[in-house]
2 protein chains.
Amino acid sequence: MAGIHDVAKMAGVSASTVSNVINGRAGKMRAETRQRVLEAIEALKFTPNSAARQLKSGHNTTIGLIIPSVANPFWGAIAHQIEQATRKRGYRLLICNAERDPEVEQSYAETLIGSGVMGVILGSSPLNFDHLKDLIARGLQVAAFDQRARESGSGVACSVSVDQELGGLLSAQHLIGHGHRRIGILTGPVRTNSRIGRVEGVRIAHARAGIPFDESLLWQGGGVSGFGDMQGAELGRIGVRELLSRENPPSAIVCGNDMFAIGAYAGARDLGVSIPEELSIVGFDDIALSELVFPPLTTIRQPTAAMAEMVVDLLIHCLEEVGAPREDNFVNIRPQLIVRGSTGPARRRPNRE
Amino acid sequence: MAGIHDVAKMAGVSASTVSNVINGRAGKMRAETRQRVLEAIEALKFTPNSAARQLKSGHNTTIGLIIPSVANPFWGAIAHQIEQATRKRGYRLLICNAERDPEVEQSYAETLIGSGVMGVILGSSPLNFDHLKDLIARGLQVAAFDQRARESGSGVACSVSVDQELGGLLSAQHLIGHGHRRIGILTGPVRTNSRIGRVEGVRIAHARAGIPFDESLLWQGGGVSGFGDMQGAELGRIGVRELLSRENPPSAIVCGNDMFAIGAYAGARDLGVSIPEELSIVGFDDIALSELVFPPLTTIRQPTAAMAEMVVDLLIHCLEEVGAPREDNFVNIRPQLIVRGSTGPARRRPNRE
DNA sequence: GATCTATGGTGTATCGTAACACCAACTGAT
DNA sequence: ATCAGTTGGTGTTACGATACACCATAGATC
């Protein structure tokens, strides 16, 4: 492996000059010298050793992304968009899978900080950031994605999120507007701020319409320890079957995300229940698939491309200008209800009682 | 940020001893000393700086994964499984999105090598590895995933892949067995070895059955420059509409992957064509979604979990034992036909001629 | 009592780069 | 002729962890 000195020797200059060439300080030398150095770099296939580089400069241009699961297309798409946004700004992205497990998250964050990363985007929407407090104290900048980091006490530098509560509200209002009175919820464990917000929105919609929300219709799948991110669709399938087998089943279901909804399609089919005639379903996220399944899924759209650009912008800003976080570092975006074919008027319910 | 010296000072030992503690050379010191060091590490929240560490040792325990697109659930799942396998072996994984673009691939590979990564798993199945030749010459170990690296001239260290040709063969044979005589193919540009293999398999099945393969039914979407990995489903939708609008449309379609197939479902629906009664569809990959869509998708299963373990094993082996690559570093796995509901007997075709 | 050998450490060079303080040579003005 | 300013560099040091050679002390052996 060629080092900067080899290049310097070949070009007949000092290592410092080579360093200057590499780092674009073109004004510091003659064009001719620069050319010679460039040729030597080319000839020796020299790549600056980033370990050494960041050892000296103390930081690097990599940011980390910690998400629940790349296996969920929503997070896959997000990762993809964040990666693009990151690359456009001259940074690189390190993607980590943490399954929402605080320990794994912490371990990855430590790994990241150890490799010089100073900024991390966290997609898991945890209830608190205690597990990262030490890291934050050591200078790690954390951007929360998927929840608004309200109390500045958390130490989070910035956040970008859809207004989860509004999303839940919109989906439930849409259903209520169609005459649905018993609305179920299918979600992973309601132990993250994003899910809490969504469920709360559904409750508020009920309250506003003067309809009681039956807590027994809140189905949470994903086990005691897990969060059901990997197997969202499978859980949706199971959950819907369970809800529909009840005494007094719901006529509509709000899903924690689109994968749950797609699983719910399968579960409803298993039972011979047709959508939207007998059961209305609303998703959340608006992944690309939502439009392709049948019936096309009514869902809450998160403008992920714009959000990706935004977090990356905010985080890099926090990284480069070490000012105190301002209030507008915490962005809340209005989600949008996309009405497609999976929701319809509530049919007269065969009154069993 | 605490360094090793701060820890050393606090524990009243030298930096060397701290280093020994960190690196598990427990025999080198008294248990009591070790304990003191450990406590100091804890108190100072010390994380070894991996940049400095790998500067000295020259390498690190990170491997890279370069895939076409995390936005495709197949690759998302693969990334997830490779990440798990990697972590189990004490390595970390750097995931990169390269869209099959040789230039982006090369740039990421350079970035990776610059950050000390010595092994990369490549999922893009390119026709050749010329763009990585220089990097390989500089010591980068490349594992090909999704294609068998036949000629050792490529410099690839190992490979794990499903037998693509066999996959194509199985899917086409299944359809031919159901009486289909006009079989279409829906795929991204046939400019990667994996796709070439799959298509070739379909051709072979035709040849064996003595049926001519109509080349005009090979639909390739994804543009001249792109590879159609991000928008597979969208392309499948467009492609199927195009094929079905022909004079003499196919009665069955083999799809390049499951996302194409799912898109094809939507396209067929757009045209009011029912699956499998009027059109049979076979996918490739067997992603989790395949079982959930309706009708459940007949597809070719790639045993991704096992394959992920295998590549990681092989690559780490190549990394650690610097022996010459043996023949069994190149694994070819038999894919499996999973028959579900999207394929059925060919109906009598309304003979338009 | 002298020497040997574990045991349990320490001191320091080293990795490849960047930052920073220099400096040589030339130009043009006085 | 002298000086200031500019251009185009050079030399040295520091970054943080590690490997390796080295060393101090205690107890064992002759």
Side-chain angles (χ1 to χ4, degrees), chain A residues 1-38 40-41 44-62 110-118 138-139, chain B residues 1-38 40-41 44-62 110-118 138-139:
Chain A
M1 277 292 278
I4 202 171
H5 287 285
D6 305 306
V7 175
K9 201 176 301 169
M10 181 162 192
V13 296
S14 76
S16 310
T17 302
V18 178
S19 172
N20 286 332
V21 172
I22 296 166
N23 295 285
R25 283 180 279 274
K28 282 282 187 185
M29 75 217 59
R30 248 177 316 180
E32 174 192 326
T33 309
R34 202 176 103 84
Q35 194 50 43
R36 249 191 2 256
V37 171
L38 252 21
I41 287 176
L44 293 169
K45 300 289 172 198
F46 164 72
T47 315
N49 177 323
S50 74
R53 167 180 263 168
Q54 80 179 57
L55 176 58
K56 185 65 182 138
S57 63
H59 67 280
N60 62 174
T61 54
T62 303
E110 292 210 4
T111 300
L112 288 171
I113 211 173
S115 49
V117 170
M118 293 314 287
R138 277 198 270 161
Chain B
M1 279 292 280
I4 201 171
H5 283 106
D6 305 306
V7 176
K9 202 175 301 170
M10 181 162 190
V13 296
S14 76
S16 310
T17 301
V18 178
S19 171
N20 285 331
V21 171
I22 296 167
N23 295 284
R25 285 180 277 273
K28 282 282 187 184
M29 75 217 62
R30 251 176 315 182
E32 177 191 323
T33 310
R34 203 177 99 84
Q35 195 51 43
R36 252 194 356 261
V37 171
L38 252 21
I41 287 176
L44 293 169
K45 301 290 173 195
F46 164 74
T47 315
N49 177 323
S50 73
R53 171 180 258 171
Q54 81 179 53
L55 177 60
K56 187 69 180 126
S57 63
H59 67 280
N60 62 175
T61 55
T62 303
E110 292 209 4
T111 299
L112 288 170
I113 212 175
S115 48
V117 170
M118 293 312 288
R138 275 198 271 162

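In what follows, every chain begins at residue 1, and chains take the letters A, B, ... in the order their sequences are listed.
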Under 3.5 Å, N/O pairs linking protein and nucleotides 20-26 of chain C:
none

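When atom types are taken as modelled, the side chain of Asn23(B) and the backbone of Ser19(B) share a donor-acceptor pair closer than 3.5 angstrom.
In this structure, Val13(A) reaches the sugar-phosphate backbone alone: every heavy-atom distance under 4.0 Å involves primed, P, OP1 or OP2 atoms, never a base. Backbone-only engagement by Arg25(B) is indicated by non-hydrogen atom pairs under 4.0 Å involving sugar-phosphate atoms exclusively.
The side-chain heavy atoms of Met10(B) and Val7(B), taken from C-beta on, include no pair separated by under 4.5 Å.
Listed here is the closest heavy atom pair of Arg36(A) and Gly12(A): NH2-O, 4.2 Å. Considering all non-hydrogen atoms of both residues, Ala15(B) and Ala8(B) come closest at N-CB, 3.6 Å. When all heavy atoms are compared, the tightest approach of Val117(B) to Thr62(B) is CG1-O, 3.6 Å. Heavy atoms only, all atoms of each residue included: Ala40(B) and Ala11(B) are closest at CB-CB, 4.0 Å. Nearest heavy-atom pair across Glu110(A) and Thr47(B) is O-CG2, 3.8 Å.
A straight line from CD of Glu32(B) to P of dT7(C) spans 17 Å, rounded to a whole angstrom. The distance between atom NE2 of His5(B) and atom P of dT12(C), rounded to the nearest whole Å, is 11 Å.
Here CD of Gln35(B) is found 12.0 Å from CE of Met29(B). Values are rounded to the nearest 0.5 Å.
For the pairing with Ile4(A), the side chain to side chain contact (heavy atoms under 4.5 Å, CB included) check across Ile22(A), Val21(A), Asn49(A) returns one residue only, Ile22(A).
The nucleotide range of DNA chain D contacted by chain B, defined by atoms under 4.0 angstrom from heavy atoms of the protein and reported 5' to 3', is dG16(D) to dA19(D).
Shown for residues 46-56 of chain B: residues whose heavy atoms fall under 4.0 angstrom of DNA chain C, namely Leu55(B), Lys56(B).
When the shell of 6.0 Å around CZ of Arg34(B) is examined, it contains 12 or fewer heavy atoms from other residues, nucleotides or ligands.
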